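Each remark here refers to the structure printed beneath this line.
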Amino acid sequence: MNKILLIIGIFTNSIVNTQSVFEGRVIYDVQIKVKKLDVSKLDKKKFSQRVIRASKKMYKDAKGVSAYLYFNQTESLYELPKNLLNEADKKMNLTKVFAGNTNKYYVNSVKNEFIYQTNTTGEPFLMSFKPVEWRLIQEQKMIGKYLCFKAISSKTFDNGMKKDIIAWYTPQIPLNFGPLKYNGLPGLILELDDNNIVFKTIKIELNKVDVKINNPLKGTVITSEKYLKVVNNFFKSIKKN
Amino acid sequence: MVYHSQNINKMKKIILTMVFVFATGTMVNANSSVEKIYMIESMIEEVLIGRDCVDYARSIVAITQINNMIYDSNDPVYFEWLLSIYNAAYEQC
């Protein structure tokens with residue numbers, strides 16, 4: 001009888017442990033990748049000295065930020081810390097802009113939901129986004145105590161230019177989540193280089209954070225095509241004025 | 001009409017003189033002669049040409065695109081970056 005109870009106890013304990021391992025929070029340190037304005041790239045006839053000076057300052061003022069990825073077995077939510085967003089926003093921080101600013105990314109891997117909430121236009125919009133396609137590479141490295149593998153995703157722009165996005169994921173935490181819209185790998189993304197910003201994990205909190213991700217995103221549902229039109233029209237209108 | 005244009009030229013001269021005096025007085029911290037020239041240029045520009053915040057913000061967006069090689073794509077996130085930069089630059093203007 002005692003043996004049976006012991007086996008049941010070990011079995012129950014292992015189930016609890018296994019389940020609780022898969023929820024928590026990753027804290028990333030986010031840094032801008034291009035840290036300086038390369039004035040030689042600019043046509044000086046096109047831009048005033050005031051604008052160049054302000055742009056130089058914008059890069060100089062771009063300070064690193066933290067970003068949070070909350071996750072459980074099936075869902076993840078990426079966002080910047082609330083205190084960062086409440087800061088007086090008069091001084092622009094380019095890193096904050098590239099790291100998502102007030103926008104949030106929600107993934108439900110069971111329901112195949114990939115939702116992005118944007119607040120940039122002042123009104124919250126919800127858009128679905130396509131999962132990124134990855135090539136798994138046989139390179140590996142340790143990030144903290146986690147063995148990580150490399151994955152690359154290529155992005156092609158309208159002018160034909162290609163850029164590689166590099167991710168390092170760990171199968172030791174077999175959840176396919178990551179920062180921003182980057183997910184879909186056979187392990188949690190602990191590092192990411194998307195050409196403009198670099199994410200590095202500074203802390204993984206397992207089972208210590210109360211993770212209640214219940215599709216927290218609210219807003220008007222819009223297709224990305226329609227949203228692109230809204231933003232494009234805005235840029236066209238300012239070009240005309 | 002001639003009188004009006006003469007007056008404007010006179011005004012410009014006065015402003016330029018004032019800007020130059022002000023600039024030389026505040027250039028103590030400028031390290032190189034190139035920097036000094038830039039400072040004078042930009043001061044004159046600000047006084048005479050004035051500031052158009054839309055152009056200002058648009059230029060900063062364009063510079064960020066060039067410097068970070070953010071090309072057009074169908075990715076809304078890229079547009080949002082530019083929109084955020086535009087908004088912040090406009091606020092700063």
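Nothing here was measured: the structure is a model prediction, and the numbers come from that model. Residue numbers start from 1 in every chain, and the chains themselves are labelled A, B, ... in the order their sequence lines are given, proteins ahead of strands.
Under the 30°/60° scheme for interplanar angles, the aromatic rings of Phe149(A) and Tyr169(A) are found to be tilted. Using bins of under 30°, 30° to 60° and over 60° for the plane-to-plane angle, the ring pair Tyr70(A)/Tyr68(A) lands in the perpendicular bin.
Heavy-atom pairs under 4.5 Å with chain B were tallied for Lys33(A), Lys41(A), Lys46(A), Lys36(A); the largest tally goes to Lys41(A). Of the listed residues Ile32(A), Val97(A), Asn195(A), Asp38(A), the one with more heavy-atom pairs under 4.5 angstrom with chain B than any other is Val97(A).
Listed in order of number, the residues of residues 127-137 of chain A that approach chain B to under 4.5 Å between heavy atoms are Met127(A).
Contact of Lys163(A) with chain B is made through the side chain alone, with heavy-atom distances under 4.5 Å. Interface remark: Tyr227(A) contributes side-chain atoms only to the contact with chain B (heavy atom separation under 4.5 Å). Heavy atoms of Leu42(A) lying under 4.5 Å from chain B belong exclusively to its side chain. For Lys155(A), the part sitting under 4.5 Å from any heavy atom of chain B is the side chain, from C-beta outward, and nothing else. Within the 4.5 angstrom heavy-atom criterion, only side-chain atoms of Asn103(A), from C-beta onward, approach chain B. With a threshold of 4.5 angstrom between heavy atoms, Leu180(A) does not approach chain B through any atom at all.
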**OP:** Would you please test Phe177(A) and Phe71(A) for ring pair (Phe, Tyr, Trp, His ring centres under 6.0 Å) and show each step?
**Re:** CA-CA 8 Å; Phe177(A) 305 129; Phe71(A) 59 88; 7.1 Å; no

Original post:
Can Ile66(B) and Phe47(A) be said to form a side chain to side chain contact (heavy atoms under 4.5 Å, CB included), step by step?
Top reply: CA-CA 12 Å; Ile66(B) 296 166; Phe47(A) 302 107; 4.1 Å; yes

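A donor-acceptor pair is defined here as one N or O able to donate and one able to accept, closer than 3.5 Å; no such pair exists between the side chain of Asn67(B) and the backbone of Val34(A). When atom types are taken as modelled, the side chain of Asn119(A) and the backbone of Thr102(A) share a donor-acceptor pair closer than 3.5 angstrom.
In this model, a donor atom of one side chain and an acceptor atom of the other lie less than 3.5 Å apart for Glu75(A) and Tyr106(A). With hydrogens and angles left out, the side-chain atoms of Tyr105(A) and Asn183(A) include no donor and acceptor closer than 3.5 Å. For the 3.5 Å distance criterion, the side chains of Glu91(B) and Tyr86(B) fail to qualify, holding no donor opposite an acceptor.
The shortest distance between side-chain heavy atoms of Ile85(B) and Ile60(B) falls below 4.5 Å.
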